[in-house]
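For reference, the structure discussed in these notes is given below.
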2 protein chains.
Amino acid sequence: MLGAQAVGPADGTAFDQAGSGDVRELDDDAHDSAHDSAHDSAGQSPPGRAAADATRKGRPTMADVARAAGISTALVSIVIRGVPGASEETRRRVLRIADELGYVPDQRAQKLRRSSSRVLGVVFELQQPFHGDLVEHLYAAAARHGYEAVISAVAPSRAESTAVNALLRERCEAAILLGSRLSDEELERLVRRLPTLLVARRSGVPGVGSVRGDDMVGIRLAVDHLVGLGHRRIAHIDGAGAPGSSDRRLGFLQGMTDHGLADCADVLAGGLTEEAGAEGMRYLLDRQVEPPTAVIAFNDRTATGVLDVLAHRGRAVPGEISVVGYDDSRLAKMPHVQMTTVSQDAAGMADAAVAAALDLIKGGTPRETVLTPRLVERATTGPAPH
Amino acid sequence: MLGAQAVGPADGTAFDQAGSGDVRELDDDAHDSAHDSAHDSAGQSPPGRAAADATRKGRPTMADVARAAGISTALVSIVIRGVPGASEETRRRVLRIADELGYVPDQRAQKLRRSSSRVLGVVFELQQPFHGDLVEHLYAAAARHGYEAVISAVAPSRAESTAVNALLRERCEAAILLGSRLSDEELERLVRRLPTLLVARRSGVPGVGSVRGDDMVGIRLAVDHLVGLGHRRIAHIDGAGAPGSSDRRLGFLQGMTDHGLADCADVLAGGLTEEAGAEGMRYLLDRQVEPPTAVIAFNDRTATGVLDVLAHRGRAVPGEISVVGYDDSRLAKMPHVQMTTVSQDAAGMADAAVAAALDLIKGGTPRETVLTPRLVERATTGPAPH
DNA sequence: CTTCCCGACTAGAACGTACTAGTCATTGGG
DNA sequence: CCCAATGACTAGTACGTTCTAGTCGGGAAG
């Protein structure tokens, strides 16, 4: 499905000797064997020392390779990049020498020189499984377009603005923010410096693009599914102030209303964590005269908390209560969980995000791409009881 | 506990105008006030256009600032870096102009120029909560030493060698690998190019440092704890081939033997995922004549799978079965889980890792730092039944 | 024998910053 | 009244690449 990037022409375990890893595919065999023999013959110092030596004062540069090969740096550059302009013989020789010397192209200099850095910045949240899925696909999607993804994490002790600043200094060509919580003013400041793309969040700021699932539709899929199973009393544990939560809340209420179930709809303040879901579910079980027969959680993490509480209370899922998550992240797919959830299609979203970002870089007008989510029926939903 | 980096001298919401954010601390007040006023007065074009303009052909450079201020780039450099050598008046003026122009120092050029890039590379696994914890603390620890952490993720579709290559090209000064699965040969190749530090894994390769918890001791803490609570039949669901798993397996068996319970010890092949734990627990419940009264899982994720199965089967925890995890990651701390676990102290480990990496960079001899883990008693362990 | 082209190669100028070694006033001590 | 010291500033080089505009030889076409 994604191929092409992870296992390169080499054997997949070797580290780059030279080149960007995706350009050359010429002569890795000769190259590798040359390396091994060189390895033995070059060793006049024990491995411990060798390591220290290589690291001591700067790593070998193109000039070192050129000198060793008795040619110009320009020619070395040609060989390393794998572009035409060098004879087959020279090419082989340079590659061998580069390997012997342990030369690795300096990305800082490459990026500085190349007009475009070919780098996309990605800001994500460290502990959100769905973000993990997205990041993984973003790496692949970027690589497919010849771009590199550099990631910068947000965590309780690392503010989003800190993460963004790191990317800004990195001189990436665009920023892709996953589920960003930046204010409109902050986004305005940012987009003035860098093409900016929001993922899984609606953009209120002109100039800022957005790729997101249709949250209203997504929640309605869940509502329709549950109503179709005979459920009437359905609760929604929402995402508090998180991006997308108001859409989902609205979609839920509208969906219920359209089914004539406005009175049976219940919305609880939740959050993005397991604990928020657990708290919400506990409240529903303990404080309500008649608990709902189905719960739609803001996301899979929240739903996991809901499921935990139900399991501990001995409530059968889906026998007594059905549960629907959102995102179709790793959590929902786990074999012992099998959560019914609304899929945001991480791979498709990543593709769309990279495409949109590249369009922004090329000067395209910022657009809002809305993907249609899809319901994934698994084992946590079933017919309403009695 | 970590301070100093997340909430900087600025208001925490603004993006960097200039400076590396951690070197200067001289005149941030003047800087900021100048900044605000500049912000209002500079707007002669609408935000939409401004964005396009700023991005069109390269961002402003030091030379642009220098030209606008009628001074040399060298002086601008002095001001931006906050080093002595410019008058207070010039300093203020340059800072204001830099802000107006939206100047952000180019990290590529900075790193290229500075002999040391002041960057630590970190390779982590996207979907491991404990890695998430470590990364968060590594950011902070690196910042405390004036270093920047750049992270590169490993995922099912992104091999560890790919992640490492990305860092190699980034020219970081050292690589910190979390729970690496690289083979000894691969590590040997790597350490020849870059000081390398393993976290949460024993290093078998000379030249490669390591910071890890004492896994034998950690598991014995768990065993002692459970035996002290009267448990005799204890199972260990291990980490299959994961780093540390053989130590933990050994520690478990040795601990049980020392308590004269060698016959009651049971080791199951597990893994690092919830599913591995669930499968192991299901096996213990279904296939064994007398299931154990306590389970020690390889890590918190594995333990989570165990707990899920127990909850679904209606087995009381810790009433019937006690469960111990490992890592004290986010999963163990969740209020509705309250898992008893062996803490690896992510913060301490991150500190030690950064310190060790910096030592390696300075040419120190690679060492193995072993931290003593600590048992965190929470709600998933209790006295053995009857 | 020219002329032209083509492949293999090179010189040298960027890229944006940091930093060394200055210059040029001004001050202050002798 | 000169010399050294100080503060504010600048020229110019280096960092390791990429890339433009070549040079140089030699074979094919005229």
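Proteins come first, then strands; the chains are lettered A, B, ... in the order of their sequence lines, and each starts at number 1.
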Intra- and interstrand pairs of DNA chain C - dot-bracket, Watson-Crick/G-U under 3.5 Å, | marks other strand: ||||||||||||||||||||||||||||||
Contacts under 3.5 Å, N or O only, protein and nucleotides 4-9 of chain D:
from, atom 1, to, atom 2, distance (Å)
D:dC9, OP1, B:T90, OG1, 3.0
D:dC9, OP2, B:S87, N, 3.1
D:dC9, OP2, B:S87, OG, 3.4
D:dC9, OP2, B:T90, OG1, 3.1

Check: B:I78 and B:V94 side chains under 4.5 Å, non-hydrogen atoms: no
Would you mind telling me which of D:dC19, C:dT17, C:dC19 lies closest to the side-chain atoms of A:R81? D:dC19
Return the value, rounded to whole Å, for the distance between atom NZ of B:K111 and atom C1' of C:dC15. 16 Å
Can you check whether B:Q110 has a side-chain N or O nearer than 4.0 Å to OP1 or OP2 of C:dG16? no
Rounded to the nearest Å, what distance is computed from the CG atom of residue B:L101 to the P atom of nucleotide C:dG16? 14 Å
Taking only nitrogen or oxygen atoms into account, show me every contact under 3.5 Å that the protein makes with nucleotides 12-15 of chain D, one pair per line with its distance.
from, atom 1, to, atom 2, distance (Å)
D:dA14, N3, B:R113, NH1, 3.3

Using whole Å, report how far CZ of A:R93 lies from C1' of C:dA8. 13 Å
Separation of D:dG16 C1' from A:R67 CZ (nearest whole Å): 13 Å
Side-chain ion pair, A:R67 and A:D64, N-O less than 4.0 Å: yes
May I ask you to test the B:E185-B:R189 pair for a side-chain heavy-atom distance under 4.5 Å? no
Mind checking whether A:V135 and A:L178 have side chains closer than 4.5 Å, heavy atoms only? yes
Show the numbers, then the answer: is there a side chain to side chain contact (heavy atoms under 4.5 Å, CB included) between B:L120 and B:V354? CA-CA 8 Å; B:L120 295 179; B:V354 169; 4.1 Å; yes
Pick one: which of B:R108, B:K111, B:E170, B:R169 meets side chain to side chain donor-acceptor pair (under 3.5 Å) with A:Q107? B:E170
With respect to B:L190, which candidate in B:V205, B:V208, B:L168 satisfies the side chain to side chain contact (heavy atoms under 4.5 Å, CB included) definition? B:L168
Whole-Å distance between C:dG16 C1' and A:R171 CZ? 8 Å
In whole angstroms, how far is the P atom of C:dA14 from the CG atom of B:D106? 18 Å
I need the minimum non-hydrogen distance between A:Q110 and A:P105, along with the two atoms involved. NE2-CB, 3.6 Å
Does B:D106 pair with B:R59 as a salt bridge, N-O distance under 4.0 Å? no
With side chain to side chain contact (heavy atoms under 4.5 Å, CB included) as the test, would you mind laying out the steps for A:L198 and A:L187 before giving the verdict? CA-CA 10 Å; A:L198 261 28; A:L187 282 174; 3.9 Å; yes
Assuming nearest nucleotide by heavy-atom distance, tell me which of B:G70 and A:S77 is located more 5' along DNA chain D. B:G70
Can you tell if the side chain of A:L360 reaches within under 4.5 Å of the side chain of A:P366, non-hydrogen atoms only? yes
